> 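Right, I'll just put the structure down here and ask away after.
What you see below is based on every heavy atom in this structure, not just the backbone, and it leaves out hydrogens, waters and symmetry mates. As the structure is a prediction and not an experimental result, all values here were calculated from the model. Along the sequence shown, residues are numbered consecutively beginning with 1.
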Amino acid sequence: MRVTTVGVVGAGAMGSGIAALAASAGCRVVLLDIPGDPDPASPNRSAPARTGLQKAIKSKPASFMEAAAASRVRTGNTADHLSWLAECDWICEAIIEQPAPKQELFAKIEALMKPTAIVSSNTSGIPMAVLLEGRGERFRRRFLGTHFFNPPRYMHLLEVIPTPETDHAVIGAMRSFAERTLGKGIVLAKDVPGFIANRLGVFGMVATMRRMEQHGLTIDEVDGLTGSLIGRARSATFRTGDLSGLDVLAHVTRGIGATTGEDFALPAWVHDELVAKGKLGDKSGGGFYQKTKAGTLTFDWKTKEYVPQQRLEGGDIGAAIRLPVAQRLPAIKSIPGALGAFIRDHVVDAAHYTLTLASQLAHDIVAIDRAMEWGYGWEAGPFQVMDALGLDWLREQFKAEGLDIPALLDLAQGSFYRQGEYLTFDGTYEPIPGIPGRIALAGLAASGRVLMDNGLSRLLDVGDGVACFEFRSKMNSLGQGVLEGLEQSLRKVEQLGFNGMIIGNEDARAFSVGADLSLVSFAVSAGAWDDIDASIRTFQNATMSIRRAPFPVVVAPAGMTLGGGAEFTLHAAAVQAHAETYMGLVEVGVGLLPGGGGTKELLMRFTGELQQYEEVDLFAAVKRAFKLIAFATTSTSAFEARAFGFLRDGDRISMNRDHQISDAKQRVLDLAPGYLPPLERRVRALGREGIGNLEYALWAAKEAGQASAHDVRVGRAVAYVLCGGDGTARDVTEQDILDLEREQFLSLLGTRETQERIAYTLKTGKPLRN
Ligand code: NAD
């Protein structure tokens, strides 16, 4: 069962997001909504779906991974174009959350779907049995729930809800398509209201608010306590509420309350003072918090007014937050006063609810932990949290609160997890099911597969004669230690006779933020210019040794891949990027240019491609590279990085971050037999004529007020390198351009404005316009 064509019905927030994700992944997509006009001849017949698509195209953060993917979506309406669904391999229903329209739609789909199609519903809470009323056996076998999280591109979790009648092959096919092609983390959930993540997540929100009122705390205090401190997302309770929307929160709590019969009512002030007044969170410009020019204000639920935010920072809590999660949680046992009483009450509420419901929601505790990690951004799922708190402590708290002891707690022998095993609902311990296709670097390191470790970087044996070089510095910045580690690792891989090497890591945010600016700044203030020249040389040697290695080096960027991080990537034999790769040569922001081979590599690539044609204007290639560098253009996805030219056609993209290292390993193994490093390249450099053209563009930008005098100076340095200096046109080698990169880098570093930019960025993390 192969899914290449996808039908999505309902072009609202979710449907258009799911369509955008599938199209970004490369599927052909049909997106239908209700007719916009009863007149079959009206040009507005398909307007609702078109509007949904347009919203997705314009959404921020972007729903599509590249603009071109939108052309893979065909919009239509359910009156005229339902037959298009007959071509689809997977049909996903994402219409209004009411049983009757969904049932009616499924009846029509049943009549036209191809026998091999999979049909799913994105319902948040209508039982599958209700949706299936009136459907035949064939349909039932091919139907399941697929509960995406908003926004579908960015939220990793997909809850898959099979019914007792769903074919196993359908579950398997949906799972592998969603994991491989859409990149989601799959959790199998049972068919109960709210499934796993929303049931526990929303319970947590409501319970937090009640305890906040009981203990008389503020929203700022509660967010300080219910975020990282207890292994949850940093956005904690109320920031999360503002991000997802208070109307959505009100809707979901009402829905789960009605279907479960449990009390999920939000405090009256949330409805009366916020939702009813249109204060819905970030989308309406304010909710629990409001951003103003003077700073952030927080809603005071006692006085019903906004007051200046007073973050709960420093002290014992600030110190605890810096500890690893397993040590952080026990710290809440000794927090004094109302803050301590509140957070202990809250974790006890959450633990008791989770233990009581676990076997109704999921088939195992691992699914519950993963659902909360992937759907709500928790660092540790509820069972890991309970292990960290200690099960005896929990038992005492339950007793003190007069709560029953849930049976699952009594089954546990000391902890829910132990040495690679988890507690099943039957009371046995079984191996934790792996995430298919994932190579866990942290796990390999823990099991001793370390070939080199110098504190700032390490080399791991990932099996089959492939090693992975991992940066370990802060934000994976590139300094002396990492560069030395790389040289050692390349030697080691060669000595061991391995097939090749990956450069990659598991960091959630950054592959690498680039060269360590603090070292540069320090050397400048010490006037150590020779040392700086030597350091740039070392950096260039490092990137060139990636390129020249006698075995394939596959670079696996994900997240921020900036400056030097991008230069490492550009020098790979092949790239295996995660779809969410934000790549750019951003050095001009600090008044510098890419000096680690990045300027050279773009010139060689773009000119190299063009000069195969006769009578072609090579300036087009220089201009392309110049624009990327001078505007510090950064991709918003790996697909965009490819469109910009940072990735080549032969470079590949992993949709799922969990697969990336194993995909990169496979790429090494594909390239290794008979591998030879690329040969030295020569290209035609344009010399002073090219510089003149670019200078004209810089001058125009300055006249238009878009560039400062220093921007022009930096831009001129970039132009100088890209044109091979200001002589006549000539053939240049890679080394010629590397030498120019170094010379211009040093000359920019000698200017006051560049030094000011560096100092400012180091202090604030932001660029300085001077
Ligand atoms: P929405 O209101 O943004 O969009 C619903 C779309 O469906 C609208 O464009 C509407 O015109 C269309 N529609 C309504 N009836 C239709 C019909 N009979 N035929 C074709 N189109 C029809 O809603 P949404 O937030 O996108 O939610 C869609 C589904 O996804 C619901 O079942 C919801 O419970 C579920 N869901 C929502 C979220 C969320 O965060 N918003 C998360 C997970 C699941």
Side-chain angles (χ1 to χ4, degrees), residues 1-12 14-15 18-19 21-22 27 29-33 78 82-149 152 157-182 184 186-198 255 259 361-363 367:
M1 248 175 278
R2 197 179 281 280
V3 179
T4 59
T5 305
V6 173
V8 180
V9 189
M14 294 307 292
I18 296 165
L21 173 65
C27 298
V29 180
V30 168
L31 178 63
L32 305 180
D33 204 289
T78 46
L82 214 57
S83 64
W84 291 353
L85 297 178
E87 300 161 27
C88 297
D89 306 306
W90 168 45
I91 303 169
C92 178
E93 171 277 309
I95 68 170
I96 188 168
E97 183 72 346
Q98 285 173 14
K102 289 190 196 266
Q103 288 167 337
E104 225 172 277
L105 176 66
F106 289 133
K108 290 180 187 156
I109 291 174
E110 181 173 31
L112 57 80
M113 65 192 264
K114 60 179 175 183
T116 52
I118 299 171
V119 184
S120 76
S121 172
N122 191 50
T123 177
S124 311
I126 303 172
M128 301 301 148
V130 172
L131 297 178
L132 283 171
E133 276 169 23
R135 299 287 63 75
E137 193 203 325
R138 191 179 64 112
F139 185 94
R140 289 165 177 265
R141 284 211 309 264
R142 309 213 59 88
F143 177 86
L144 37 64
T146 49
H147 187 235
F148 284 84
F149 284 69
L157 177 62
L158 173 64
E159 288 175 323
V160 169
I161 309 109
T163 76
E165 293 159 286
T166 314
D167 261 359
H168 283 287
V170 167
I171 305 172
M174 190 68 226
R175 183 179 184 130
S176 79
F177 169 72
E179 271 174 347
R180 255 283 139 211
T181 311
L182 302 181
K184 296 295 106 182
I186 309 300
V187 160
L188 290 186
K190 292 189 180 172
D191 188 8
V192 289
F195 309 119
I196 302 171
N198 279 348
T259 41
L361 306 183
H363 301 280

> Checking Leu144 against Met128 for the side chain to side chain contact (heavy atoms under 4.5 Å, CB included) test, could you report, in this order, the C-alpha distance in whole Å, the side-chain angles of both residues, the deciding distance, and whether it holds?
CA-CA 8 Å; Leu144 37 64; Met128 301 301 148; over 6 Å; no
> Treating Glu97 as the side-chain partner and Ser124 as the backbone partner, does any N or O pair qualify as donor plus acceptor under 3.5 Å?
yes
> Students often mix this up, so state it plainly: with edges at 30° and 60°, are the rings of Phe106 and Phe143 parallel, tilted or perpendicular?
perpendicular
> For the OG atom of Ser121 and the CD1 atom of Ile161, what is their distance to the nearest 0.5 Å?
8.0 Å
> So how far is it from Ile186 CD1 to Phe177 CZ, rounded to the nearest 0.5 Å?
10.0 Å
> Look at the side chain of Arg142 and the backbone N and O of Ala117, then say whether any donor-acceptor pair between them is shorter than 3.5 Å.
yes
> Could you check whether any side-chain heavy atom of Thr259 comes within less than 4.5 Å of a side-chain heavy atom of Val192, counting everything from C-beta outward?
no
> Rounded to the nearest 0.5 Å, what separation is found between the CG atom of Asp167 and the CZ atom of Arg138?
12.0 Å
> Begin from the C-alpha positions of Lys108 and Leu85 and carry the test side chain to side chain contact (heavy atoms under 4.5 Å, CB included) through to its verdict.
CA-CA 10 Å; Lys108 290 180 187 156; Leu85 297 178; over 6 Å; no
> Could you grab the distance from atom SG of Cys27 to atom CH2 of Trp90, nearest 0.5 Å is fine?
8.5 Å
> For Lys102 and Ile96, which heavy atoms make the closest approach, and how far apart are they?
CE-O, 3.2 Å
> Roughly how far, to the nearest 0.5 Å, is OG1 of Thr123 from CG of Asp191?
9.0 Å
> Going by the rule side chain to side chain donor-acceptor pair (under 3.5 Å), which residues pair with Thr78 if we only count those two or more places apart in sequence or in a different chain?
none
> Taking salt bridge (charged side-chain N to carboxylate O under 4.0 Å, His left out) as the test, write out the residues that go with Glu104, two or more places apart.
none
> Checking side chain to side chain contact (heavy atoms under 4.5 Å, CB included) for the pair Leu158/Leu182: CA distance, chi angles, key distance, verdict?
CA-CA 10 Å; Leu158 173 64; Leu182 302 181; 5.7 Å; no
> What are the two closest non-hydrogen atoms of Leu31 and Gly15, and how far apart are they?
CD1-O, 4.1 Å
> Return the CD to CG distance between Glu159 and Asn122, rounded to the nearest 0.5 Å.
10.5 Å
> Considering all heavy atoms of both residues, which atom of Val130 and which atom of Pro99 are nearest to each other, and what is their separation?
CG1-CB, 4.0 Å
> With Thr166, which residues qualify under side chain to side chain donor-acceptor pair (under 3.5 Å), at least two apart?
Thr163
> Who pairs with Arg141 by side chain to side chain donor-acceptor pair (under 3.5 Å), at least two apart in sequence or on another chain?
Glu137
> Which pairs pass salt bridge (Lys or Arg N to Asp or Glu O under 4.0 Å) with one or both residues in residues 115-134, sequence neighbours excluded?
none
> Among pairs that include at least one residue of residues 110-126, which meet salt bridge (Lys or Arg N to Asp or Glu O under 4.0 Å), considering only residues two or more places apart or in two chains?
Asp89-Lys114, Glu110-Arg135
> Please walk me through it: do Thr146 and Ile18 pass side chain to side chain contact (heavy atoms under 4.5 Å, CB included)?
CA-CA 11 Å; Thr146 49; Ile18 296 165; over 6 Å; no
> Can you find a heavy atom in the side chain of Leu188 that is under 4.5 Å from one in the side chain of Ile171?
yes
> For Gln98 and Pro101, work out which heavy atoms get closest and say how close.
O-CD, 3.4 Å
> Taking all non-hydrogen atoms of both residues into account, name the closest pair between Gly125 and Phe195 and its distance.
N-CE1, 4.4 Å
> Please give me the minimum heavy-atom distance between Val6 and Ala22, naming the atom from each residue.
CG2-CB, 4.2 Å
